[in-house]
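Note that the coordinates shown come from a computational prediction; the quantities given were computed from them, not determined experimentally.
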Amino acid sequence: MKNKGILFLIFVLFILHFGTAMAQDRPNILFIMTDDHTQKALHTYGLGLLDTVYFPNMNRLAKEGALFRNSFVTNSICAPSRAVLLTGKYSHLNGKVDNVAPFDWSQMTYPKLLREAGYETALIGKIHLSGKPQGYDYSLTLPDQGNYYNPEFIRNGVEELKFEGHCEALIPEFVVDWLENDWDREKPFAINYHTKAPHRNWMPEEKYLDLYEDIAFEFPHNFFDAYAGRGRAAKEQEMEIVNDMFWGWDMKFEKNPFTGEPSRLVAPFGRMTKEQMQAWNAVYSPTNEAFLKEMPPKEELAKFMFHRYLRDYLKVVKSVDDGIGKVLDYLEAKGLLDKTLIIYTSDQGFYLGEHGWYDKRFMYEQSLSTPLLVRYPKEIKPGTVVNEMVLNLDHAPTILDYAGLSIPSDMQGKSWRTLASGGTLPWRDAIYYHYYEYPGPHMVKRHYGVRTDRYKLIHFYYDVDEWEMYDLKNDPDEMNSVYNDPNYADIKKSLHTRLEELRVEFGDSDELNRQFIEKSISNND
């Protein structure tokens with residue numbers, strides 16, 4: 001009996017040791033998600049702004065890991081994109097089709113699966129999904145969109161706390177603090193580190209208020225787009241920098257320069273301390289006063305508005321990059337960096353003046369695409385470039401794959417782990433997209449479509465029934481639809497076929513569209 005007891009004790013110790021070793025073999029997971037960051041505003045993609053804008057910590061992730069050149073989203077709008085990330089399912093299945101519809105936290109998400117498998121999980125920053133976050137040992141989140149200055153956070157879905165400072169300086173501090181003081185080092189960690197920036201209304205951190213103010217940026221060549229060659233959707237949107245931005249919220253004027261009336265949706269200056277407001281006014285007031293004195297003609301007006309927007313956008317991205325650097329430095333100092341899978345992405349892309357626009361929503365390239373950088377030196381060689389088309393739908397199954405867990409059969413994405421390591425595997429030849437929030441902010445019409453490596457087919461519906469098709473090789477800026485061009489008749493036919501195949505594969509249909517429209521009307525009532 002004594003020998004049996006010793007053998008049992010040895011067995012238990014072996015199991016405990018084996019379990020600990022298995023836990024140590026699994027990577028820590030740091031998932032970084034920004035809000036509305038476009039590939040064009042990331043130096044490593046080589047798409048523009050290269051001579052004057054450089055974000056070293058984001059660039060570091062690309063240099064030391066993998067850059068995905070064809071990373072896309074399934075529904076280019078904030079809250080639905082986050083729901084897709086968590087569930088690995090299209091919007092019509094996870095239920096979060098727009099920013100209004102509720103999100104069901106009780107459904108299965110990848111953080112829940114990680115937690116069940118022994119990971120310690122944390123959500124810090126923006127989530128923009130109402131309700132108490134589930135699947136996390138710890139959460140500290142911005143309510144709704146959150147504020148840049150002196151923001152409130154909600155701890156563990158219950159307790160509201162207010163902090164002094166800029167949210168893009170605070171969020172990385174909270175990440176480091178959790179790692180240093182709360183993380184149970186007997187478990188691997190999995191953190192969702194989500195920033196507010198560069199979401200509208202782009203209120204820069206004090207130390208960066210004058211950054212880029214001396215730089216003149218070139219207009220995108222199609223800034224003054226007249227939307228010829230396309231249907232009603234491009235013409236009837238309400239997301240033009242010159243015509244649709246608010247003089248208060250976006251341009252940072254207290255009064256409309258042309259009417260003298262209080263600006264619509266004034267920037268939340270009342271949140272700022274006296275010292276913060278003084279620093280702000282020292283930079284913005286002289287420029288605003290000069291503008292009011294001269295009242296420039298239309299093209300100069302466009303130039304002013306474009307630069308105010310673009311500079312503020314890039315300033316808050318600079319703060320995001322600093323925050324990423326702070327977390328990377330901490331991990332490196334603690335010997336954790338190379339043991340951590342780091343994924344950097346954004347919830348969707350954004351327009352920086354292309355077509356004269358800001359915002360997202362359309363299936364056109366600037367908002368359909370999003371950055372994706374991945375660092376994990378155990379498997380990924382520095383400087384790896386992945387050209388296959390991946391979706392935000394793929395992140396949940398990929399993270400589960402790295403964690404050594406089975407991917408649920410109802411997740412609709414695919415793991416890109418093999419691609420990141422330089423390997424090959426059968427992969428998709430097309431992606432499916434569906435946008436729902438109309439009527440609504442920016443008035444981008446409902447649409448769905450298919451994109452291949454060269455072509456794109458889009459169907460706008462609800463109050464229109466219009467099709468657009470683009471040859472991305474010959475028309476990368478999507479200025480002229482070739483849907484009715486007889487030279488593309490065979491391609492059009494094949495795209496229609498592929499689109500219907502994808503709709504069947506992912507369980508989308510006109511009947512579901514009708515149901516979501518009815519729910520949308522009910523919510524608006």
Side-chain angles (χ1 to χ4, degrees), residues 29-35 75 77-148 150-163 167-168 170-179 181-184 187-197 199 343 345 347 392-393 395-396 399-400 403 405 408 410-411 437 519 522-523:
I29 299 165
L30 177 64
F31 186 91
I32 306 170
M33 176 176 275
T34 52
D35 194 313
N75 183 0
I77 185 171
C78 297
S81 180
R82 295 162 193 274
V84 169
L85 159 69
L86 293 174
T87 63
K89 298 177 183 178
Y90 270 94
S91 301
H92 62 273
L93 293 186
N94 67 47
K96 186 63 177 171
V97 297
D98 55 31
N99 279 340
V100 179
F103 177 67
D104 178 10
W105 278 101
S106 69
Q107 65 187 300
M108 186 53 64
T109 64
Y110 86 82
K112 289 183 181 180
L113 296 173
L114 291 179
R115 191 182 185 198
E116 290 173 3
Y119 273 81
E120 189 162 15
T121 57
L123 167 62
I124 299 174
K126 180 176 177 179
I127 189 60
H128 198 196
L129 296 171
S130 60
K132 183 179 180 179
Q134 297 183 26
Y136 296 99
D137 294 288
Y138 177 79
S139 64
L140 188 63
T141 57
L142 292 163
D144 195 39
Q145 297 284 2
N147 285 286
Y148 277 109
N150 307 322
E152 293 82 11
F153 284 81
I154 301 175
R155 183 161 57 193
N156 295 327
V158 177
E159 182 183 9
E160 185 173 292
L161 306 170
K162 186 172 182 178
F163 298 86
C167 73
E168 296 311 328
L170 291 168
I171 292 172
E173 288 181 8
F174 298 152
V175 172
V176 169
D177 180 72
W178 184 83
L179 285 167
N181 298 308
D182 296 318
W183 168 42
D184 179 358
K187 301 178 180 180
F189 66 74
I191 305 175
N192 285 90
Y193 162 21
H194 294 185
T195 73
K196 171 180 172 61
H199 194 278
I343 300 172
T345 190
D347 54 358
N392 57 345
L393 194 73
H395 300 333
I399 290 169
L400 295 176
L405 303 179
D410 59 347
M411 280 192 175
E437 192 171 287
K519 288 180 182 179
S522 176
N523 289 335

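- Here the shortest heavy-atom pairing between G118 and P188 reads O-CD, 3.8 Å.
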Item to check | Chi angles and distances behind the side chain to side chain contact (heavy atoms under 4.5 Å, CB included) call for D137, D184 | outcome: CA-CA 11 Å; D137 294 288; D184 179 358; over 6 Å; no
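- Judged purely by atom type and a 3.5 angstrom limit, E168 has no side-chain atom pairing as donor or acceptor with the backbone of Y148.
- The distance from the CG atom of N392 to the CG atom of N75 is 8.5 Å, given to the nearest 0.5 Å.
- Side chain of N94 to backbone of K89: a donor-acceptor contact under 3.5 angstrom is found.
- With K96 contributing its side chain and D98 its backbone, the two residues share a donor-acceptor pair below 3.5 Å.
- Looking at Y119 and P111, their side chains never come closer than 4.5 Å, going by heavy atoms from C-beta outward.
- Counting all heavy atoms, side chain and backbone alike, K196 lies closest to G146 at NZ-O, 3.3 Å.
- What you find for N150 and K162 is that their closest heavy atoms are O-CE, 3.2 Å.
- Expressed to the nearest 0.5 Å, how far CG of L393 lies from OG of S81 amounts to 10.5 Å.
- For the atom pair F153 CZ and N147 CG, the distance stands at 10.0 Å (nearest 0.5 Å).
- Between A403 and L114, the closest heavy-atom pair is CB-CD2, 3.6 Å.
- Under the 3.5 Å distance criterion, the side-chain polar atoms of E160 are left unmatched by any main-chain donor or acceptor of E152.
- Here W178 contributes atom CH2 and I124 contributes atom CD1; the two are 7.0 Å apart, rounded to the nearest 0.5 Å.
- For Y138 against N156, the heavy-atom pair with the smallest separation is CA-OD1, 3.5 Å.
- When side chains are defined from C-beta on, V175 counts as touching I191, because their heavy atoms get closer than 4.5 Å.
- Proximity of T87 to M108: side-chain heavy atoms (C-beta onward) are nowhere separated by under 4.5 Å.
- A distance of 12.5 Å separates CG in L93 from CE in M411, rounded to the nearest 0.5 Å.
- A donor-acceptor pair under 3.5 Å is absent between the side-chain atoms of K187 and the main chain of R115, judged by distance alone.
- Looking only at side-chain heavy atoms (C-beta outward), P408 and L113 come within less than 4.5 Å of each other.
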Checklist entry - How far apart are the C-alpha atoms of Q145 and K126, what are their side-chain angles, what is the distance that settles it, and do they pass the side chain to side chain donor-acceptor pair (under 3.5 Å) test? => result CA-CA 7 Å; Q145 297 284 2; K126 180 176 177 179; 2.3 Å; yes
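- At a threshold of 4.5 Å between non-hydrogen side-chain atoms, the residues F103 and S130 do not count as touching.
- Side-chain atoms of T345 do not come within 3.5 Å of backbone N or O of M33 as any donor-acceptor pair.
- You'll find the side chain of D182 stays beyond 4.5 Å of the side chain of E120, heavy atoms only.
- Residues R82 and D35 form a side-chain contact, since some pair of their non-hydrogen atoms from C-beta on lies under 4.5 Å apart.
- Remark: N192 pairs with Y110, Y136, H194 by the side-chain hydrogen bond (donor to acceptor under 3.5 Å, both in side chains) rule, at least two apart or across chains.
- Heavy-atom minimum distance, A197 versus T34: O-CB, 3.6 Å.
- Between the side chain of T121 and the backbone N or O of G135, at least one donor-acceptor pair lies under 3.5 Å.
- A 4.5 Å side-chain heavy-atom check between V84 and S91 finds at least one atom pair inside the cut-off.
- One distance of note links CD1 of I399 with CD1 of I29; it measures 6.0 Å at 0.5 Å rounding.
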Next on the checklist: For H128 and N99: C-alpha separation, side-chain torsions, deciding distance, then whether side chain to side chain contact (heavy atoms under 4.5 Å, CB included) applies.
Outcome noted: CA-CA 9 Å; H128 198 196; N99 279 340; 3.8 Å; yes
